[in-house]
Amino acid sequence: MGALEHIYRTSLALLTDLYQLTMAYGYWKLGRADEQAVFHLEFREPPFGSGYAIACGLGLAVEFLESFRFDTESLEYLRSLTGTNGSPLLEEAFLDYLGRLRFSCDVDAIEEGTAVFAHEPLIRVRGPLLQCQLLETPLLNLINFQTLVATKAARVCQAAQGDPVIEFGLRRAQGIDGGLAAARAAYVGGCAATSNVLAGRLFGIPVRGTHAHSWVMSFPDELESFEKYAQVMPHNSILLVDTYDTLAGVRRAARVGQRMKQRGHRLAGIRLDSGDLAYLSIEARRILDEAGLTDARILASGDLDEHVIESLKRQGAKIDMWGVGTKLATAYDQPALGGVYKLSAIKRRDGHWRHTIKLSEQAVKINTPGLLRLRRYFRDDHFLADMIYDELIGVPDQPVIVDPADPTRRRPIPSGARHQELLVPIFRAGRRVYNPPSLQQAQRRTHRQLEALHPTIKRFLNPHRYPAGLEKSLHDLKMQLILQARGMAEV
């Protein structure tokens, strides 16, 4: 049983916006439900001012698609909806159609843990127009937030420079679903563990935890609270030392650690949750070392993010582990990725594909037409460039990529450069042909991907722009369609 079934134990077909259903009804009513269409899911800019994003959420999207059904309860609810005149919004024959509907699309996607860039198709859905339309909202819901948090986690882990990072965000997360999705995505992005026990059970993520200030406050004095915690948790004793006076708390924790050592146990460490973490960690390290507790680790928490951690590292903080909560689990400084799902081609009655395009006053919002693929080129073990191309056009022997944000920026690809196709088959005619990797494998993929990126692309301030763009023939087609569409708009 997958995580979604564990949580909900009911159909999630209604996890959508109403307009998806009204459009689906319109396609069905007009006899267009089975027209073949292609949609792509992408984002327009990497989050947090980053030079990249980490694709995440595919595992749960696969679970959703495999179990996509309108069950009796879903249909009964839809039957209750009414229009502005009080009559049923959707006619009974359409509800019968939905009850018989079985997912039959082809889906290709970028694997979780892959570094991705603006305008690249993360998911391609090809199949009956009605089905493709119904998948827009749930796929965006499942991919957008997890890609956002996985990217944040990757940045936080980069700042930590190999120190373990624990996701601590459940209490501040956006509800139950947000807490679970954030824990999952943070692990894919590189976190070592989570405090979220339900996420640990559902996703197999290691769980870690210490104690809160309330534990200390519930005893007459701090030393007794530490002694008692060490007594009941001799194998998991990380003591929170800043309830009253932090350095006095460190000294008391050191005394407890020495007594534990005499009893054959070990103080795992202390936690600093407030104050000047650079100064306090340096002093805490000195106190612990002088007490002979050189193996006791220092965990820091309290409104941390990649920028604070990077600063603390520069200041020489003696912190071994990082508990990152609110700013990770809520993607605090950018609460939404802004992913979109756009129709890019539809098959005509004569069997040929018609490229589709949406115009906008903002160039960044104009979609890319075609049956898109994504190819990554390499120089040695490092990423060289990404090329979005249309499989209907193909790829020339010496391709040139064009930056979607600036058509004057063009990059030729060296002849014979090693490459990899990033969109892999996930479903064929509604049947799953892909086995999602474990979260541990996805996390290792994230690590390898980031190693293959140039350091300038990973820097936090003004990262270098990775060359990712349209194959020139596709760019030219897009420009032609834009001009045609603008001509029609002016008529």
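These numbers come from a predicted model, not from an experiment. Each residue takes its place number in the sequence, starting with 1.
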Exercise. Step by step, would you call Lys152 with Asp333 a salt bridge (charged side-chain N to carboxylate O under 4.0 Å, His left out)?
Worked result: CA-CA 10 Å; Lys152 188 69 169 178; Asp333 41 343; 2.9 Å; yes

Problem set entry | Results of salt bridge (Lys or Arg N to Asp or Glu O under 4.0 Å) for Arg259 - residues two or more places apart only | Glu227

Exercise. Picking from Arg409, Arg411, Arg410, what satisfies salt bridge (charged side-chain N to carboxylate O under 4.0 Å, His left out) with Asp403?
Worked result: Arg409

Between [X] and [Y], does any side-chain donor sit less than 3.5 Å from a side-chain acceptor?
| X | Y | result |
| --- | --- | --- |
| Thr114 | Arg445 | yes |
| Tyr434 | Glu111 | yes |
| Tyr466 | Asp386 | yes |

Output the distance between atom [atom1] ([X]) and atom [atom2] ([Y]), rounded to the nearest 0.5 Å.
| X | Y | atom1 | atom2 | result |
| --- | --- | --- | --- | --- |
| Ser237 | Leu239 | OG | CG | 5.5 Å |
| Ile282 | Ile319 | CD1 | CD1 | 9.0 Å |
| Gln161 | Lys313 | CD | NZ | 5.0 Å |

Problem set entry | side chain to side chain contact (heavy atoms under 4.5 Å, CB included), paired with Ile270, selected from Ile238, Leu288, Leu240, Leu293 | Leu288

Exercise. Would you say Tyr332 has more than 12 foreign heavy atoms packed within less than 6.0 Å of its OH?
Worked result: no

Problem set entry | Whether over 12 other heavy atoms sit under 6.0 Å from Lys318 NZ | no

Exercise. Taking it one step at a time, do Phe383 and Phe378 satisfy ring-ring contact (aromatic ring centres under 6.0 Å, His included)?
Worked result: CA-CA 5 Å; Phe383 301 160; Phe378 297 84; 5.6 Å; yes

With side chains defined as the heavy atoms from C-beta onward, is the minimum distance between [X] and [Y] less than 4.5 Å?
| X | Y | answer |
| --- | --- | --- |
| Leu470 | Lys478 | yes |
| Glu112 | Pro437 | no |
| Ile309 | Asp305 | no |

Exercise. Stepwise, does the side chain to side chain donor-acceptor pair (under 3.5 Å) test hold for Glu76 with Ser80?
Worked result: CA-CA 7 Å; Glu76 282 299 315; Ser80 73; over 6 Å; no

Exercise. Would Glu167 and Tyr187 count as a side-chain contact (heavy atoms from CB on, under 4.5 Å) if you check the C-alpha gap in whole Å, the side-chain angles of each, and the deciding distance to 0.1 Å?
Worked result: CA-CA 8 Å; Glu167 184 274 312; Tyr187 189 71; over 6 Å; no

For this session: Answer yes or no for Arg155 and Phe48: cation-pi contact, defined as NZ/CZ to six-membered ring centre under 6.0 Å and angle to ring axis within 45°.
Result: no

Exercise. Going by the ring pair (Phe, Tyr, Trp, His ring centres under 6.0 Å) test, which pairs reach into residues 283-330, not counting sequence neighbours?
Worked result: His307-Phe460

Exercise. Yes or no on side-chain contact (heavy atoms from CB on, under 4.5 Å) for Leu139 and Phe39, after CA distance, side-chain angles and deciding distance?
Worked result: CA-CA 11 Å; Leu139 287 179; Phe39 286 72; over 6 Å; no

Exercise. After noting the C-alpha distance and the side-chain angles of Ile457 and His464, does the key distance pass the side-chain contact (heavy atoms from CB on, under 4.5 Å) rule?
Worked result: CA-CA 5 Å; Ile457 297 167; His464 181 69; 4.2 Å; yes

For this session: Show the numbers, then the answer: is there a side chain to side chain donor-acceptor pair (under 3.5 Å) between Ser11 and Arg69?
Result: CA-CA 6 Å; Ser11 168; Arg69 299 283 189 280; over 6 Å; no

